[in-house]
Amino acid sequence: GYFAMGLHVHSSSKPVDSSAQNSSSCEHVESHKAECMQQSASGDQATTSDGGTAKMLAGMRMDDLFFQEPPAPVIQGGYDFDQWQWCKKRESQQVPSAEELSDPASFVWAGEAPELQRKLFEEGVVVLGMVSEKWMLRLEDFCALTDYNDVLSLGCERREDGFSACGEVLAGPWKEWMGELKHSYGYASVITAFPTDGDDQGWHRDTPDNKESSDHQITLMIYLTDVRVSNGATQFRRVKSKDEVSFPGPRGTVVAFESSRTQHRGLANREGSPRVLMYIAFDEDD
């Protein structure tokens with residue numbers, strides 16, 4: 001079966017200049033996920049930020065005298081950047097096996113795979129589907145019991161916990177599909193957006209020089225918490241349509257985008273709890 005979800009189109013008179021911006025409870029019940037899916041499946045239109053409808057896709061500043069650094073964004077809600085972990089250890093936890101995390105039945109496609117692939121390469125981003133809550137719980141076990149290879153700060157209100165080779169087991173449900181696209185696992189990471197009074201991220205691509213790269217990369221974004229525009233959804237500039245969109249959705253939603261090609265940014269989290277995503281990046285084979 002397939003599922004459907006909403007699309008949020010951001011109204012903007014013109015693209016934002018990224019050079020002017022700062023660049024860089026995991027418990028959830030299945031009934032809420034089903035409710036979100038039922039609501040989005042009830043029609044194929046989503047409300048835009050300016051009240052219309054859109055068809056769903058199935059700083060630092062120099063003045064004249066001196067250089068002035070703006071105040072750093074503040075993490076709100078009492079969260080500790082250095083001690084933060086998105087998942088809590090539970091009794092009798094065990095590191096999941098590769099077989100458990102690779103089960104193709106744990107992932108439901110949002111449509112026919114060839115059509116989703118066409119949309120991905122045409123627009124640079126597509127809602128791919130949803131993973132089961134059982135898979136999400138095994139992912140929590142993996143993260144709770146596996147040491148991160150590195151921890152990065154994406155600005156003081158965003159934290160990235162990275163896995164290198166050990167994270168490849170997380171790519172299991174999509175490994176065959178990515179193999180057909182001539183892409184292989186690159187890395188995985190958990191990205192937390194804390195509640196903040198700071199700015200949105202600047203627009204960027206996941207390339208060293210922020211330009212479209214010939215080294216093609218596809219990234220899967222898995223929602224580890226519910227994601228809304230107000231708690232830091234990722235915003236994309238679609239390649240063909242040229243509009244700016246985000247994809248609010250429940251925990252377990254999977255979005256695929258061409259991270260080496262499609263401009264994107266994380267919106268600031270204006271709510272009271274952290275918003276958490278997992279990135280699994282696949283690099284084009286040589």
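In this chain, residues are counted from 1 in sequence order. Excluded from the calculations below are hydrogen atoms, water molecules and symmetry mates; all remaining heavy atoms, backbone and side chain alike, are included.
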D80 atom CG, neighbour heavy-atom count above 12 within 6.0 Å: yes
Got more than 12 heavy atoms from elsewhere within 6.0 Å of CD, E180? yes
Salt-bridge present ([X], [Y]; N to O < 4.0 Å):
X    : Y    : result
E284 : K182 : no
R238 : E244 : no
K240 : E122 : yes
E133 : R251 : yes

For [X] versus [Y], what's the shortest heavy-atom pair and its separation?
X    : Y    : value
V229 : P248 : CG2-CG, 4.1 Å
A268 : D200 : N-OD1, 2.8 Å
Y79  : S273 : OH-CA, 3.7 Å
A256 : L120 : O-CD1, 3.6 Å

How long is the gap from [atom1] on [X] to [atom2] on [Y], to the nearest 0.5 Å?
X    : Y    : atom1 : atom2 : result
L101 : S106 : CG    : OG    : 8.0 Å
M221 : L277 : CE    : CG    : 5.5 Å
K175 : L170 : NZ    : CG    : 11.0 Å
M278 : F163 : CE    : CZ    : 5.5 Å
D243 : R237 : CG    : CZ    : 11.0 Å
E168 : S102 : CD    : OG    : 9.5 Å

Shared hydrophobic cluster, [X] / [Y] (ILVMFWY, side-chain heavy atoms < 4.5 Å):
X    : Y    : answer
V108 : L137 : no
L116 : F121 : yes
W109 : I218 : yes

[X] and [Y]: aromatic ring centres closer than 6.0 Å?
X    : Y    : answer
Y279 : Y187 : no
W174 : F107 : yes
W84  : F194 : yes

Any side-chain heavy atom of [X] within less than 4.5 Å of one from [Y]?
X    : Y    : result
I222 : V131 : yes
I280 : T219 : no
R270 : P195 : no
P274 : T225 : no
V255 : L128 : no
L220 : F282 : yes
E160 : V151 : no

Test Q201 against R265 for side chain to side chain donor-acceptor pair (under 3.5 Å), laying out the working first. CA-CA 5 Å; Q201 274 188 315; R265 64 174 180 171; over 6 Å; no
Kindly determine whether D206 and H264 satisfy side chain to side chain contact (heavy atoms under 4.5 Å, CB included), including the steps that lead there. CA-CA 9 Å; D206 294 342; H264 57 282; 3.2 Å; yes
Give a yes or no on whether the backbone of [Y] and the side-chain of [X] come within a donor-acceptor separation of less than 3.5 Å.
X    : Y    : answer
Y185 : S164 : yes
R138 : S97  : no
N231 : R275 : no
R158 : S153 : no

Between W177 and Q117, does a side chain to side chain contact (heavy atoms under 4.5 Å, CB included) hold up when you go through it step by step? CA-CA 10 Å; W177 180 60; Q117 178 179 321; 3.7 Å; yes
Could you go step by step and tell me if Y148 and S189 meet the side chain to side chain contact (heavy atoms under 4.5 Å, CB included) rule? CA-CA 9 Å; Y148 296 108; S189 61; over 6 Å; no
Could you go step by step and tell me if Y223 and V276 meet the side chain to side chain contact (heavy atoms under 4.5 Å, CB included) rule? CA-CA 7 Å; Y223 294 1; V276 193; over 6 Å; no
Could you go step by step and tell me if T196 and N269 meet the side chain to side chain donor-acceptor pair (under 3.5 Å) rule? CA-CA 6 Å; T196 181; N269 183 353; over 6 Å; no
Would you call the rings of F247 and F236 parallel, tilted or perpendicular, where under 30° means parallel and over 60° means perpendicular? tilted
Sole residue of Q217, R205, H204 in side-chain hydrogen bond (donor to acceptor under 3.5 Å, both in side chains) with S259: Q217
If you apply the rule side chain to side chain donor-acceptor pair (under 3.5 Å), what do you find for S246 with Q235, and how did you get there? CA-CA 5 Å; S246 58; Q235 190 176 15; over 6 Å; no
H216 and E258: CA distance, side-chain angles, deciding distance, side chain to side chain donor-acceptor pair (under 3.5 Å) verdict: CA-CA 8 Å; H216 193 254; E258 294 178 282; 2.7 Å; yes
